**Q** 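One structure follows; several queries about it will come next.
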Amino acid sequence: MIKLNANAPNAPLADQWDAYKASCKLVNPNNKRKLDIIVVGTGLAGASAAATLGQLGYNVKSFCYQDTPRRAHSIAAQGGINAAKNYQNDGDNVYRLFYDTIKGGDYRSRESNVYRLASISPEIIDICVAQGVPFAREYGGLLANRSFGGAQVSRTFYARGQTGQQLLIGAYSAMSRQIAEGRVKLYSRRDVLDIVIVDGKARGVIARNLVTGEIERHSAHAVVLATGGYGNVFYLSTNAMGSNVTPAWSAYKKGALFANPCFTQIHPTCIPVHGEFQSKLTLMSESLRNDGRIWVPKEMEDAELIRQKKLRPEQIHESKRDYYLERRYPAFGNLVPRDVASRAAKERCDAGYGVSTSGRAVYLDFSAAIERLGRSEISARYGNLFQMYQRIVDDNPYRTPMMIYPAVHYTMGGLWVDYELMTTVPGLYSIGECNFSDHGANRLGASALMQGLADGYFILPYTISGYLSSEINTPPIATTLPEFHHAAREVSDRLARLKETNGKESVDHFHRHLGKIMWEYCGMSRNEAGLTKALGLIAALKQEFASGVKIPGGLKEYNPELEKAWRVQDFIELGDLMVRDALLRKESCGGHFREEYQTPDHEALRNDDEFAFVAAWEHKGRDAAPDMHREELRFETVKPSQRSYK
Amino acid sequence: MIFTLKIWRQKNATDKGGLVTYKIGDVSPDSSFLEMLDQLNQQLVGKGEDPVAFDHDCREGICGACGLYINGRPHGPLKGTTTCQLHMRAFRDGETIYIEPWRSEAFPIVRDLIVDRSAFDKIIQAGGYISVNSGGMPDANTIPVPKPNADSAFDAAACIGCGACVAACPNASPMLFVGAKISHLALLPQGRIEAARRVQKMVAAMDTLGFGNCSNAYACQAECPKEISVANIARMNREFLAAKMFAEKEKNVGFTL
Ligand SMILES: Cc1cc2nc3c(=O)[nH]c(=O)nc-3n(C[C@H](O)[C@H](O)[C@H](O)COP(=O)(O)OP(=O)(O)OC[C@H]3O[C@@H](n4cnc5c(N)ncnc54)[C@H](O)[C@@H]3O)c2cc1C
Ligand code: FES
């Protein structure tokens with residue numbers, strides 16, 4: 001029986017991390033050289049971890065599926081990264097960032113991890129600036145900040161609308177320096193398909209070389225998964241096309257628990273869906289909400305005319321516009337948290353006030369801001385986003401309000417980890433978006449980047465040494481061990497089976513179908529009947545896939561269809577787990593809205609008495625239902641309260 | 001919309017390869033270029049043929065993975081636009097479109113439209129970083145940076161490493177890429193310390209990796225999807241000259257002491 005214990009140090013919250021660092025075991029430099037660590041993923045979490053572990057003297061083997069680490073999905077993050085620096089003297093501090101993050105997660109994350117994240121945040125900015133990340137500056141030469149959805153202080157650091165890109169280039173260059181010094185060995189264009197476990201410990205991975213199709217074995221004393229989120233389970237999302245759940249899913253099948261899988265963040269400011277062949281949704285930074293006002297027509301007839309393209313939004317008089325966020329949430333207005341903004345948009349569209357031809361869009365209007373600040377200031381703040389919008393939608397947002405709609409953006413669930421970021425499999429770590437740890441039910445903006453870098457630069461390098469200090473006498477792990485043979489054969493067999501299926505439909509066909517089920521029944525809002533229906537639909541889809549998928553090309557060559565097929569097969573299984581998790585959580589919290597549980601004015605109704613826990617799922621075999629384990633969450637420092645943004 | 005596509009097909013690095021003609025109909029003008037290729041691939045898979053392999057990931061113009069010659073131009077006809085952000089409304093209905101991989105000795109073809117750009121990583125590994133460890137940093141605001149410098153550093157750092165500059169250049173020179181990196185770091189006080197070493201090492205790496213030299217054609221700037229300026233090449237040349245002179249001096253100092 002698995003007993004979940006977060007293992008937070010026994011000390012007052014604010015002292016826990018110092019206490020941990022003061023007592024954790026270290027590995028001496030001569031021994032570090034003898035220890036191998038595999039880091040899968042080169043996003044912010046993986047690249048910062050590989051760079052730091054290399055710098056410390058370990059032998060690091062770094063993997064990514066892209067051609068170079070610099071293209072990892074983190075590169076797409078736009079808005080910014082939070083840190084409790086209080087450079088603006090507006091009353092920010094570590095406690096407040098901690099508090100906001102716990103509250104923003106709707107009291108479904110762990111106090112100890114979140115406090116540590118907040119307390120490390122200032123150092124992240126220091127290292128990034130030292131690396132040359134060109135953050136925005138004031139005229140006096142000091143760093144600039146802005147405020148981000150859900151926060152009342154300006155604590156977000158940013159590099160125009162391309163913060164993720166600049167942070168990743170920083171981490172990638174730090175990693176490149178270690179590659180040049182021989183401390184990090186890079187394996188790009190590798191698809192990590194399985195984790196190898198020897199005597200109960202994670203000892204390596206099986207990877208497919210995407211160019212040659214060769215199945216490779218790689219060993220190490222510890223394995224770190226930094227493989228990002230699984231938003232692509234919805235087919236349409238803001239994630240990079242290759243983002244996937246595969247390494248985390250294989251860890252789950254090998255005994256790691258998968259926590260809170262149904263917690264998905266929906267982002268309110270994305271470019272709406274336009275057509276059938278659409279492959280992804282583009283997010284526009286939420287910073288737009290700082291100056292844009294969101295509205296739909298007050299009159300149903302106006303909305304109808306707009307949808308028929310008989311009326312332009314500019315022609316609708318101010319008095320006939322419904323600025324519904326300002327109306328419903330006067331204190332936060334257009335800056336309410338993402339789940340609130342997203343649901344409110346959906347509510348208006350469902351009620352018939354949507355504005356694109358599909359009826360699935362609301363306006364984000366900059367005319368007032370342009371009048372107040374001037375076009376050039378608006379263009380300085382958001383120029384690249386306006387350009388991007390114009391390119392995709394073919395419309396000029398300086399003149400006509402943008403159309404936006406919510407889209408799947410970030411997954412808060414992931415592999416369960418303890419305070420040390422270790423999964424339930426000894427020696428297997430999970431960092432960044434790949435784990436479940438710090439964001440609870442509704443991550444706020446600008447905290448994922450913070451977490452990825454905190455994990456990689458500052459947390460994992462300490463916590464992993466405790467584990468490795470007991471491995472210093474273990475010689476390099478041989479990839480000829482039977483466990484490696486076995487895992488490699490299983491991978492080859494599954495690939496061969498996929499290839500031989502010889503059905504009629506393409507992989508994308510199944511993926512699109514899965515996405516529709518997930519969005520419809522396990523998306524922005526869910527209910528018992530829908531979720532139960534989804535379980536049946538997913539089971540049927542799994543069957544259809546098993547006999548109906550068609551994959552051209554060979555096994556021993558570059559074969560993108562084969563690559564996708566494996567991922568989609570995993571996504572189908574994950575979809576099943578997400579639905580089970582959503583069914584079980586009979587409450588609404590954060591971005592997870594169960595329609596049966598709402599307040600009279602349609603806000604999320606949490607149930608702390610029964611659901612203040614992490615649901616961590618254990619795989620019980622191919623055809624058995626998974627088991628759920630609970631990690632009870634205790635709130636000793638912050639008292640849970642109902643969120644109110646009125 | 002309907003199109004005739006002439007696409008470079010090549011099974012692997014050693015295969016000879018050649019242009020193959022495909023017809024595609026029912027393309028929405030709102031589709032991106034890559035979505036149009038997806039649509040073609042769905043047809044090919046339906047017929048049991050190998051889909052066209054191309055590199056892509058973010059599909060929002062920031063990761064730098066995508067990159068093709070479209071009618072002979074890197075990333076196609078629009079200025080400042082990556083292939084994934086190019087939409088079919090930029091083409092005439094019924095048009096014939098040529099689609100080929102980057103062609104440069106330093107970027108060998110992997111398959112179809114995919115090339116190996118790891119030479120760029122090697123250039124960065126040679127010195128495209130500031131040598132700092134993650135730990136014991138001074139507070140970020142102890143290093144003030146004049147806003148104009150920070151802004152110019154950002155402009156240079158916006159390079160996505162797609163390789164269009166190499167593909168556009170008659171000499172396959174990567175100087176826009178290298179110049180952008182040099183500028184990004186040289187404009188910041190943190191990056192100044194190693195500036196001389198950095199530029200020499202990066203230029204040396206560039207020379208050994210099979211790239212050509214800049215002859216001021218400026219095609220790189222014209223085709224760069226992020227509109228990186230050739231002023232960065234000028235800055236790199238200046239940094240390089242200064243570094244060389246400085247190195248001579250250092251040597252002399254070394255001798256006399
Ligand atoms: C459009 C967009 C905007 C965002 N904006 C913000 C923002 O402003 N602020 C903020 O805080 N957060 C933002 N986020 C969220 C944030 O970007 C991510 O949560 C974060 O970057 C995840 O980083 P990561 O290192 O955990 O994973 P990723 O960056 O996703 O990296 C995953 C890595 O794993 C590798 N990998 C995955 N699967 C495999 C496999 N099978 N084999 C081998 N390698 C594999 C990949 O190659 C990649 O290197 C945004 C997200 C999106 C989509
Ligand atoms: S796919 Fe990322 S830039 Fe085009």
Side-chain angles (χ1 to χ4, degrees), chain A residues 48 51-52 55 66-68 70-71 73 75-76 87 123 125-127 129-132 134-143 159-160 162 165-166 169 173-174 176-177 179-180 188 211 240-242 274-275 277-280 282 388 391-392 394 457-458 506 508 550 552-553 557-558 560-561, chain B residues 11-12 28 30-31 34-35 38-39 42 45-46 48-51 53 55-65 81 85 87 89 110-111 116-118 120-121 124-126 128-134 137-141 143-147 150 153-154 157-158 161 184-185 188 190-191:
Chain A
S48 59
T52 309
Q55 156 204 319
Q66 291 93 348
D67 62 332
T68 150
R70 65 174 289 151
R71 307 204 205 284
H73 164 70
I75 202 142
Y87 281 161
E123 279 180 84
I125 305 304
D126 298 340
I127 166 80
V129 165
Q131 286 169 345
F135 282 120
R137 300 257 165 187
E138 310 282 3
Y139 278 99
L142 302 185
L143 290 152
R160 262 174 241 170
Q162 296 163 26
Q165 179 196 29
Q166 295 308 321
I169 286 179
S173 7
S176 298
R177 175 174 157 236
I179 294 174
S188 55
V211 177
M241 302 298 286
H274 62 72
F277 282 103
Q278 192 150 351
S279 55
K280 79 160 278 168
T282 301
M388 182 171 87
R391 204 170 280 141
I392 298 172
D394 204 19
Y457 284 133
F458 298 111
S506 70
D508 281 4
K550 170 177 191 159
E557 61 180 15
Y558 190 96
E561 289 295 303
Chain B
K11 255 192 149 0
N12 52 45
S28 156
D30 290 331
S31 282
L34 299 186
E35 283 165 352
D38 290 343
Q39 203 175 328
Q42 289 295 302
V45 173
E49 290 175 33
D50 286 354
D55 255 336
H56 66 108
D57 202 18
C58 74
R59 295 211 176 182
E60 47 186 74
I62 190 76
C63 75
T81 306
Q85 291 281 287
H87 287 76
R89 61 177 91 93
V110 173
R111 184 184 176 111
D116 177 356
R117 286 168 285 192
S118 53
F120 270 12
D121 287 327
I124 297 294
Q125 285 155 20
Y129 46 75
I130 293 175
S131 304
V132 288
N133 287 344
S134 44
M137 286 305 124
D139 182 88
N141 259 353
I143 317 173
V145 182
K147 185 168 159 53
F154 180 93
H184 162 201
L185 298 175
L188 300 170
Q190 313 84 299

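Keep in mind that the numbers below use all heavy atoms, side chains included, and drop hydrogens, waters and symmetry copies. Quick note on labels: first sequence line is chain A, next is B, and so on, each numbered from 1. Only a predicted model underlies this, so the values are computations on that prediction, with no experimental measurement involved.
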**Q** Chain B: which of Gln162(A), Arg177(A), Met241(A) shares the most heavy-atom pairs with it under 4.5 Å?
**A**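 Most pairs with chain B among the choices: Arg177(A).
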
**Q** With a 4.5 Å cut-off on heavy-atom pairs, point out which of Val211(A), Asp394(A), Thr52(A), Asp67(A) contacts chain B the most.
**A**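 Heavy-atom pairs under 4.5 Å are most numerous for Asp394(A).
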
**Q** Given a strict heavy-atom distance threshold of 4.5 Å, which part of Gln125(B) is in contact with chain A: side chain, backbone, both, or neither?
**A**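 Both backbone and side chain of Gln125(B) come within 4.5 Å of chain A.
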
**Q** What's the shortest heavy-atom distance between Val129(A) and Ala140(B), and which atoms?
**A**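 Minimum heavy-atom contact is CG2-CB, 3.7 Å.
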
**Q** Does any backbone or side-chain atom of Ile179(A) lie under 4.5 Å from a heavy atom of chain B? Answer side chain, backbone, both or neither.
**A**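 Contact with chain B is through the side chain of Ile179(A) alone.
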
**Q** For chain A, which candidate among Ser28(B), Ala65(B), Ala53(B) shows the most heavy-atom pairs at distances under 4.5 Å?
**A**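 So the answer, after comparing Ser28(B), Ala65(B), Ala53(B), is Ala65(B).
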
**Q** Quick one: what part of Gln165(A) sits under 4.5 Å from any heavy atom of chain B, side chain, backbone, both or neither?
**A**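 Only the side chain of Gln165(A) comes within 4.5 Å of chain B.
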
**Q** Which residue out of Lys11(B), Arg89(B), His56(B) racks up the most heavy-atom pairs below 4.5 Å with chain A?
**A**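 The answer is Arg89(B).
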
**Q** Specify which of Ser188(A), Ser176(A), Gly553(A) makes the most heavy-atom pairs with chain B at under 4.5 Å.
**A**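 Most heavy-atom pairs within the cutoff with chain B belong to Ser176(A).
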
**Q** Taking the side chain as every heavy atom from C-beta outward, state whether Gln131(A) and Leu188(B) have any atom pair closer than 4.5 Å.
**A**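 Sidechains of Leu188(B) and Gln131(A): no contact.
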
**Q** In terms of heavy-atom proximity below 4.5 Å to chain A, should Ala126(B) be classed as side chain, backbone, both, or neither?
**A**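 No part of Ala126(B) comes within 4.5 Å of chain A.
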
**Q** Heavy-atom distance under 4.5 Å to chain A: side chain of Arg111(B), backbone, both or neither?
**A**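 Side chain of Arg111(B) only, per the 4.5 Å heavy-atom cut-off to chain A.
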
**Q** Against chain A, label Val110(B) side chain, backbone, both or neither, depending on which of its atoms sit under 4.5 Å from a heavy atom there.
**A**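 Only the side chain of Val110(B) comes within 4.5 Å of chain A.
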
**Q** So for Gln278(A), is it side chain, backbone, both, or neither that comes closer than 4.5 Å to the heavy atoms of chain B?
**A**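 Its backbone and side chain both get close to chain B.
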
**Q** Hey, what do you get for OG1 (Thr282(A)) to CD1 (Ile62(B)), rounding to the nearest 0.5 Å?
**A**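 It is 12.0 Å, given to the nearest 0.5 Å.
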
**Q** If you look at every heavy atom in Arg137(A) and Ala150(B), which pair is closest and at what distance?
**A**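 Arg137(A) and Ala150(B) have their closest heavy atoms at CG-CB, 3.4 Å.
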
**Q** If I measure from the heavy atoms of chain A, does Ile143(B) come under 4.5 Å with its side chain, its backbone, both, or neither?
**A**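 Both backbone and side chain.
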
**Q** Would you indicate whether the side-chain heavy atoms of Arg117(B) and Thr68(A) approach each other to under 4.5 Å?
**A**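 No, too far: nothing below the 4.5 Å cut-off.
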
**Q** Can you tell me if Gln166(A) uses its side chain to pair, donor with acceptor, with the backbone of Phe154(B) under 3.5 Å?
**A**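 No, because the side chain of Gln166(A) does not come within donor-acceptor range (under 3.5 Å) of the backbone of Phe154(B).
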
**Q** Using a cut-off of under 4.5 Å for heavy-atom pairs, which of Ile130(B), Asp57(B), Val45(B) has the most such pairs with chain A?
**A**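 Sorted descending by pairs with chain A, the first entry is Asp57(B).
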
**Q** Which atom pair, heavy atoms only, marks the closest approach of Ser134(B) to Ile127(A)?
**A**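 Here Ser134(B) and Ile127(A) meet closest at CA-CD1, 3.5 Å.
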
**Q** May I ask you to test the Glu557(A)-Asp50(B) pair for a side-chain heavy-atom distance under 4.5 Å?
**A**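 Yes - at least one pair of side-chain heavy atoms lies under 4.5 Å apart.
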
**Q** Using a 4.5 angstrom heavy-atom cutoff, name the option from Ala136(A), Gly132(A), Pro560(A), Ala180(A) with the most pairs to chain B.
**A**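 Looking at each option in turn, the highest pair count goes to Gly132(A).
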
**Q** Using non-hydrogen atoms only, which part of Phe135(A) is less than 4.5 Å away from chain B: side chain, backbone, both, or neither?
**A**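 The backbone, not the side chain.
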
**Q** Give the member of His73(A), Met388(A), Arg70(A) that has the highest number of heavy-atom pairs under 4.5 Å with chain B.
**A**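 Sorted descending by pairs with chain B, the first entry is Arg70(A).
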
**Q** Counting heavy-atom pairs under 4.5 Å to chain A, which of Leu185(B), Asp116(B), Asp55(B), Asp38(B) comes out on top?
**A**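 Answer, by heavy-atom pair count under 4.5 Å with chain A: Asp55(B).
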
**Q** Answer yes or no: is there a side-chain heavy-atom contact under 4.5 Å between Asn141(B) and Leu143(A)?
**A**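 They are in contact (side-chain heavy atoms under 4.5 Å apart), so the answer is yes.
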
**Q** Could you tell me which portion of Leu142(A) (side chain, backbone, both or neither) has an atom closer than 4.5 angstrom to a non-hydrogen atom of chain B?
**A**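 Both backbone and side chain of Leu142(A) come within 4.5 Å of chain B.
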
**Q** Which heavy atom of Val132(B) sits nearest a heavy atom of Ala130(A), and at what distance?
**A**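 Heavy-atom minimum between the residues: CG1-O, 4.0 Å.
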
**Q** Can you tell me how far apart NE2 (His87(B)) and CD1 (Ile392(A)) are? Round to the nearest 0.5 Å.
**A**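 Separation between the atoms: 5.5 Å.
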
**Q** Taking every non-hydrogen pair under 4.5 Å, which of Ser173(A), Ser279(A), Gly242(A) racks up the most with chain B?
**A**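 Looking at each option in turn, the highest pair count goes to Ser279(A).
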
**Q** By side chain to side chain contact (heavy atoms under 4.5 Å, CB included), which residues pair with Gln42(B), not counting sequence neighbours?
**A**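 Expected list: Ser506(A), Asp508(A).
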
**Q** Among Ala153(B), Ser31(B), Gly64(B), which residue has the highest count of heavy-atom pairs closer than 4.5 Å to chain A?
**A**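 Going by pairs under 4.5 Å, I would pick Gly64(B).
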
**Q** So do the side chains of Tyr87(A) and Asp139(B) get within less than 4.5 Å of each other, counting heavy atoms only?
**A**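 The answer is yes; the side chains approach within 4.5 Å.
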
**Q** Would you name the heavy atoms of Arg71(A) and Cys63(B) that are closest together and state the gap between them?
**A**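 What the structure gives for the nearest pair is NH1-O, 3.0 Å.
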
**Q** Quick check on the interface: out of Leu34(B), Asp30(B), Val145(B), Thr81(B), who has the most heavy-atom pairs with chain A under 4.5 Å?
**A**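 Top count of heavy-atom pairs under 4.5 Å with chain A: Val145(B).
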
**Q** Rounded to the nearest 0.5 Å, what separation is found between the CZ atom of Arg59(B) and the NZ atom of Lys280(A)?
**A**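 Arg59(B) atom CZ to Lys280(A) atom NZ measures 9.0 Å (nearest 0.5 Å).
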
**Q** Using non-hydrogen atoms only, which part of Asn12(B) is less than 4.5 Å away from chain A: side chain, backbone, both, or neither?
**A**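 The answer is neither part of Asn12(B).
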
**Q** On a heavy-atom basis, which atom in Gly48(B) and which in Pro552(A) lie closest, and how many Å separate them?
**A**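 For Gly48(B) and Pro552(A), the tightest heavy-atom pair comes out as O-CB, 3.8 Å.
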
